[in-house]
There are 2 protein chains.
Amino acid sequence: MKRNTWQREAVREALGGNDGFVSAQTLHSELRDAGSPIGLATVYRALADLAVEGEADSLQAEGESLYRACTPGQHHHHLICRNCGLTVEIEADAVEQWAQATAAAHGFSQATHVVDVFGLCAACRLAAQGS
Amino acid sequence: MKRNTWQREAVREALGGNDGFVSAQTLHSELRDAGSPIGLATVYRALADLAVEGEADSLQAEGESLYRACTPGQHHHHLICRNCGLTVEIEADAVEQWAQATAAAHGFSQATHVVDVFGLCAACRLAAQGS
DNA sequence: TCTACTATCGATAACGAATCTCATTACCGA
DNA sequence: TCGGTAATGAGATTCGTTATCGATAGTAGA
Ligand SMILES: [Mn+2]
Ligand SMILES: [Mn+2]
Ligand SMILES: [Zn+2]
Ligand SMILES: [Zn+2]
């Protein structure tokens, strides 16, 4: 049976406290700095579980997995600032349909897709100009 | 200055000999098995160079970088069979424009995107059914 | 409430992809 | 041909992630 532990809840809350995507190691550091004695392996396990349960989204960036608490149940993608990590959830039925149609057109079934948009947010663009 | 070595050419050819995406380690094994004494670090460096020069495309899958010799100069995406690796190059101006427009609509500049479609190719679907 | 079972935890070892080091090699312009 | 130096490669190293396994604690049932 699935047990409820303060560790899982701590990870869930810490994840919700971040606006953008964060790594397991970063989250572990934050929790430790806040006084929690949680272990690193537990953070990795909790994040993997949250992702499976659909409570968190994940993406690969520069060789590491990043996680973010996202709108549950709702399939969506992300617009991410590559400088500060600011993340905007985006929906696009047109892209969803395009992906399915393209797969079907080539005889592929059980299609899934990875769609992420990276850029420099307005604040970071201004900051870069100013310097 | 950029020098031409048999190692770079060997990597380029080995990459072209594969239909789908392959990892640096796999490519290195293939080269070694074929009798080449090429070093692993050299394969990594050659693939990175090919990607920068636009002669190869890369994507992240299960924690490792995969490479594939692709149509040069032409920006495109991929439809990949998650079972056999069969890859189809796909173009979609609609998706390109959607990505740019979405980024701009949220004040993001210098937008880039990651778009990959995974599925089961017709051959693999039939093979799975038959068993 | 008290037990017993066992899911979960966590310190640490292990793993693996990728990069770095640096002595050696060999490409190529002069 | 020759010299400068880009490139190579064996091995060490980095670093994110997973596996190990004894200890801990959540929870169903008595
Ligand atoms: Mn989608
Ligand atoms: Mn594109
Ligand atoms: Zn930003
Ligand atoms: Zn296939």
Side-chain angles (χ1 to χ4, degrees), chain A residues 1-15 18 20-53 55-68 80 82 85 114 116 118, chain B residues 1-15 18 20-53 55-69 80 82 85 114 116:
Chain A
M1 80 295 285
K2 183 79 172 295
R3 295 179 180 175
N4 293 321
T5 64
W6 64 263
Q7 287 94 338
R8 286 202 197 289
E9 190 54 34
V11 170
R12 193 197 312 272
E13 282 185 20
L15 195 62
N18 286 82
F21 283 83
V22 290
S23 68
Q25 310 235 19
T26 297
L27 217 52
H28 181 244
S29 293
E30 290 181 6
L31 286 162
R32 280 303 182 89
D33 291 346
S36 172
I38 193 171
L40 177 60
T42 301
V43 174
Y44 271 102
R45 286 187 284 238
L47 288 174
D49 285 350
L50 288 172
V52 169
E53 295 161 14
E55 291 194 61
D57 279 347
S58 67
L59 60 82
Q60 312 294 317
E62 296 169 26
E64 66 182 348
S65 291
L66 302 182
Y67 296 85
R68 179 173 188 267
I80 305 151
R82 70 176 130 257
V114 175
D116 294 304
F118 297 88
Chain B
M1 79 296 286
K2 184 79 171 297
R3 295 178 182 176
N4 294 321
T5 64
W6 64 263
Q7 286 94 336
R8 287 203 195 288
E9 190 54 34
V11 170
R12 192 195 313 270
E13 282 185 21
L15 195 63
N18 286 83
F21 283 82
V22 291
S23 69
Q25 311 240 14
T26 296
L27 216 53
H28 180 243
S29 292
E30 289 181 7
L31 286 162
R32 280 302 181 91
D33 291 347
S36 172
I38 192 171
L40 177 59
T42 300
V43 174
Y44 272 102
R45 286 185 284 238
L47 287 174
D49 285 350
L50 288 173
V52 168
E53 294 161 14
E55 290 194 61
D57 278 347
S58 67
L59 60 82
Q60 311 294 316
E62 296 169 27
E64 67 180 349
S65 291
L66 302 182
Y67 295 84
R68 179 172 187 268
I80 306 152
R82 69 175 129 257
V114 175
D116 294 305

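Keep in mind that what you see is a predicted model, and the values were worked out from it rather than measured. The chains referred to below are lettered A, B, ... by the order of the sequence lines, with proteins before strands, and numbering in each begins at 1.
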Whole-Å distance separating the [atom1] atom of [X] from the [atom2] atom of [N]:
X: B:Tyr44; N: D:dT8; atom1: OH; atom2: P; value: 16 Å
X: B:Trp6; N: D:dA6; atom1: CH2; atom2: C1'; value: 16 Å
X: A:Glu64; N: C:dG16; atom1: CD; atom2: C1'; value: 16 Å
X: B:Leu47; N: C:dA17; atom1: CG; atom2: C1'; value: 13 Å
X: B:Asp49; N: C:dT19; atom1: CG; atom2: C1'; value: 14 Å
X: B:Lys2; N: D:dT5; atom1: NZ; atom2: P; value: 19 Å
X: A:Gln7; N: C:dT8; atom1: CD; atom2: P; value: 11 Å
X: B:Ile38; N: C:dT25; atom1: CD1; atom2: C1'; value: 14 Å

At under 4.0 Å between heavy atoms, what does B:Ser65 touch on the DNA or RNA strands: base, sugar-phosphate, or nothing?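 Since only primed, P, OP1 and OP2 atoms lie under 4.0 Å of B:Ser65, the category is sugar-phosphate.
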
Across the strands shown, which category fits B:Leu40 at heavy-atom distances under 4.0 angstrom: base, sugar-phosphate, nothing?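 It contacts nothing in the nucleic acid.
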
Both A:Arg45 and B:Thr5 contact DNA chain C. Taking the nearest nucleotide for each, which residue is further toward the 5' end?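 Its nearest nucleotide being more 5', the pick is A:Arg45.
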
How long is the straight-line distance from [atom2] of [Y] back to [atom1] of [X], given to the nearest 0.5 Å?
X: A:Arg68; Y: A:Leu47; atom1: CZ; atom2: CG; result: 14.0 Å
X: B:Ser36; Y: B:Glu30; atom1: OG; atom2: CD; result: 11.5 Å
X: B:Leu66; Y: B:Leu27; atom1: CG; atom2: CG; result: 11.0 Å

Sidechain N-carboxylate O distance under 4.0 Å for A:Lys2, A:Glu53: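 Looking at A:Lys2 and A:Glu53, the cut-off is met.
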
Return yes if the base of D:dT5 and the side-chain atoms of B:Arg3 contain a donor-acceptor N/O pair under 3.5 Å, otherwise no.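 Counting by modelled atom types and ignoring angles, a donor-acceptor contact under 3.5 Å is found here.
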
Check this for me: does the side-chain of A:Arg8 come within 3.5 Å of the base of C:dT8 through a donor and an acceptor?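 Not at all, since no donor on one side and acceptor on the other fall under 3.5 Å apart.
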
Please check if the side chain of A:His28 supplies one atom and the backbone of A:Ile38 the other of a donor-acceptor pair under 3.5 Å.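 Yes; judged by distance alone, with no hydrogens or angles, the pair exists.
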
Would you mind telling me which of C:dG10, D:dT17, D:dA6 lies closest to the side-chain atoms of B:Met1?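 Among C:dG10, D:dT17, D:dA6, the one nearest the side chain of B:Met1 is D:dA6.
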
